[in-house]
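Worksheet: one structure, shown below.
As the structure is a prediction and not an experimental result, all values here were calculated from the model. Residue numbers begin at 1 in each chain, while the letters A, B, ... track the order of the sequences.
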Amino acid sequence: MPVAELDRLEPLIDLCPLQLRPLLRKRWQGLRRRARAAQPVDRGLRALARDLETATTRRAARLAALPSPEYALALPVVARRAELRAAIAAHPVIIVCGETGSGKTTQLPKICLELGRGVDGLIGHTQPRRIAARSLAARVAEELHSRVGQAVGCKMRFHDQVGEQTFLKIMTDGILLAETQGDPDLLQYDTFIIDEAHERSLNVDFLLGYLKQLLPRRPDLKLIITSATIDPERFSRHFSNAPVIEVSGRTYPVELRYRPLRGDDEEDQDRDRGQALLDAVDELAREGDGDVLVFLSGERDIREAAELLRKHHPPHTEVLPLYARLSASQQQAVFRPHRGRRIVLATNVAETSLTVPGIRYVVDTGLARLSRYSYRSKVQRLPIEKISRAAADQRAGRCGRVAAGICIRLYSEEDFAARPAFTEPEILRTNLAAVILQMSALGLGAVEDFPFVEAPDARFVRDGFKLLQELGAVDEGQRLTERGRQLARLPVDPRIGRMILAAREELCLREVLVIAAALSVQDPRERPLDKAQAADEKHRLFAVPYSDFLGYLNLWNAYHEQARHLSQNKLRKWCQQHFISYVRMREWHEVERQLQRLVTDMGLRLNQEEAEPDAIHRALLSGLLGNIAMKTAEREYTGARNLKLELFPGSVLVKKRPQWIMAAELVETGKRYARTLAVVEPRWVEPLAAGLVKRSHGEPHWEKRAGQVVARERVTLYGLPVVTQRRVNYGPIDPVLSRELFIREALVAGQLGTPGRFMTHNRALVAEVLELEARARRRDLLVSEEELYAFYDARLPAGIHDQVAFEHWRKQAEREDPRCLYFAREALLAQEEAIDTRQFPAQLEWQGLRLPVRYRFEPGEEDDGMTVTVPLAALNQLRPASFEWLVPGLLEEKLTLLIKSLPKQQRRHFVPVPEFAGQSLGAQRPE
DNA sequence: GAGCACTGC
């Protein structure tokens, strides 16, 4: 009976929503096991039957509520509906490519609904940008006679409108990527549409790798990749030759005109650039009315071009700049209706993110700033580069949307032909730390085995791991650490996440969350070209002289102080007056709240007391260890790995130029800049950078007062000296060398303050031999230092290199042999032959006087030789000549020298000289 | 003395 019931229930599982199936199947299998073991299953069976009933009803209700889409037949995708339907039904993956106006973005989800997709799970449709996702959701909802939040859902950061009745979920690709953390098999979905894949953003490339790994586990899944006609074969190859369906666009022809710059070298061309733009605009003016879109590389070019055009053109031509950092209202200007001619000067925003309406003509400089990460210098670069052929065509296409257009390229056709076909995908030009961190947290296995559409260079992967290691997110074996796991949960850059985690220990979480959020959003400060000074003046109200970071905190506090008592309208006005973007302040606020929620979920506690600035900066520094720099010249700073930097001119520190700084980011544009800065104390670095700093030691030497071998320690981080000249006990660092120094300096040289009798004994013995040497004017009587060293070396055990350990050992050793450290006199004498001390008497007897004699062997010194001390009273009784006889031991040498100094004529009578000198010694000293 | 464009647990 139970077995029959189990058999009846099994097929019902596949009629439940996807998400519920794994759990229901598990329960069913459990019951079958029990049934086979003849255990009671009745209650379990009843419960399962009930749950299956509810679940299948839910799916049936979804199926019944599935919208039946209507189509506006004019779109190319709609015309090929049947073919697309068949392809989706027949293949797990298809690639649909077509230009703008093909309808692929808006109509493909509807075709999926027609196929009954979206019933078992959702149809997930990803967009690279939030604005695009939002407007697409509104548009599709409208076409389905529904509202966003019902049949069509929409999800992005801070915005979730997905309901029970949702079939189609439109979201940013970042959201889908984030969802893999909680739902690795993405069971919410039965279909994916990955839109704008040709842009090859980091998110898309990562997603396509993830989905490739997922497909074998989800055979029911359908995947549609849509792309402009840019390298669709690559996607096809990535998904085992999935079919590519090309759909025509609905655009007008664009005439291409090449107007290369004059001049042979770059300098000439730079001069010509402005003139070429004016010429192109004039040429287009002769073609007839219509707005012009000019593509330039950046804000500076736009400013220069705007000035040129304003001087050049009749008043009824309107010149509008357009770039992402422009305030929202200034951006909106391009959407305002207008009379006369309009020339929009734009960066790449107009290539993908923003569609400027009503453009008839395009002027393309062929240049753009492209972000390129240098794994060598660890700096993000923004060089101006020639854009690819695909990007140039994309730009040209911007004037064929409403009517036939003309695109003037300010370069030659040969130049165009010589360019790379496609823009390098982001994954090949970016710092990979964040991607690697996500992959590790998701347990996706080795990075080099991951099925990327295009695998990143191994050097970039290594560099990414290195940064994660610096942050303590992975260990030396590149395994994710507990801290790495926490970092992966924070939707911010790993460096910024590290600051947040460090803020817990520094008791400044509240403040650091605000700063971390600020660093994650666009700078809310606005600086319009024409009111730059006024804006700077207002922004100075929030500045903190030693830290751009605390400046953010100040702005935050000021804004929230206002927000507490002002209406939203008045708050907007306050923002406007202070050149602050209200929209970006809101975004900042949202990010801060989200981070606060996440860290409190992780068990971190906010500080109640206001934090100390130093504590805040130490927490920030924990994430920015690779971004410290030291002033090395008037305007030059040296960062990690000897990187030369300048301070970014917008920083509060640019005039102050402190000795040490940390930077939120290093970017190379015209020069290499450190941007968003604070003064740091180099001594903060070492405790935060354990395991990263390198130590070197110089001048190790015995210090009598410390009773230790002491050295000067130098601590460097990436080559920057964060500690210099620190006195440290060198013993534990290099015990072998320290013992050697201890023996040489403390024992042999006698620099040890010891109560041990051996030292007095040995010292006296050495003094005695040295005295003998001085008398005999030779240096070879005392055994060499090496032999004295060998004496101690043979007795002192290994590991003893300071006073405390020595005394401890000595006491024990002397208990067995009290004289174990005593030199023997014979052992100190290197020469067997004894010196006859009578030859070098300690005093001279003279006319009843006993005059003490000192000896010194130090040629060149005033008292070299022998010195006789005479009492003052006896001085006049002595004749200087008597002293020329010296003492017997010195006389022979003196005689030899005297003979040698004779003129040759006489000298020859005394050959051989030493013999004569020796024979003369018998003569008597005159009294 | 001045930077392309996006995304998020």
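In this structure, CE of A:Met439 is placed 20 Å from P of B:dG8, rounded to the nearest angstrom.
The side chain of A:Gln181 approaches B:dC9 more closely than any other nucleotide in the set B:dG8, B:dC9, B:dT7. For A:Ala324, counting side-chain heavy atoms from C-beta on, the closest listed nucleotide (B:dA5, B:dT7, B:dC9) is B:dA5. When each of B:dA5, B:dC4, B:dG8 is scored by its nearest atom to the side-chain atoms of A:Val349, the top-ranked nucleotide is B:dA5. Distance from the side chain of A:Arg129 is smallest to B:dT7 among B:dT7, B:dG8, B:dA5. The side chain of A:Ser371 lies closest to B:dC4 when the candidates are B:dG8, B:dA2, B:dC4.
Contacts of A:Leu382 with the nucleic acid, taken as non-hydrogen atoms under 4.0 Å apart, include base atoms. Using a 4.0 Å heavy-atom criterion, one finds that A:Thr180 contacts no nucleic acid atom at all.
In this structure, A:Arg372 pairs ionically with A:Glu424, as a charged nitrogen and a carboxylate oxygen lie closer than 4.0 Å. Taking the charged nitrogens against the carboxylate oxygens, A:Arg129 and A:Asp173 have no contact shorter than 4.0 Å, which rules out a salt bridge.
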Would A:Arg419 and A:Asp415 satisfy salt bridge (charged side-chain N to carboxylate O under 4.0 Å, His left out), going step by step from the backbone distance to the final call? CA-CA 7 Å; A:Arg419 292 171 180 226; A:Asp415 182 349; 3.1 Å; yes
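Side-chain N/O atoms of A:Gln594 include none lying less than 4.0 angstrom from OP1 or OP2 on B:dG8. Residue A:Thr347 has a polar side-chain atom (N or O) positioned under 4.0 Å from OP1 or OP2 of B:dA5.
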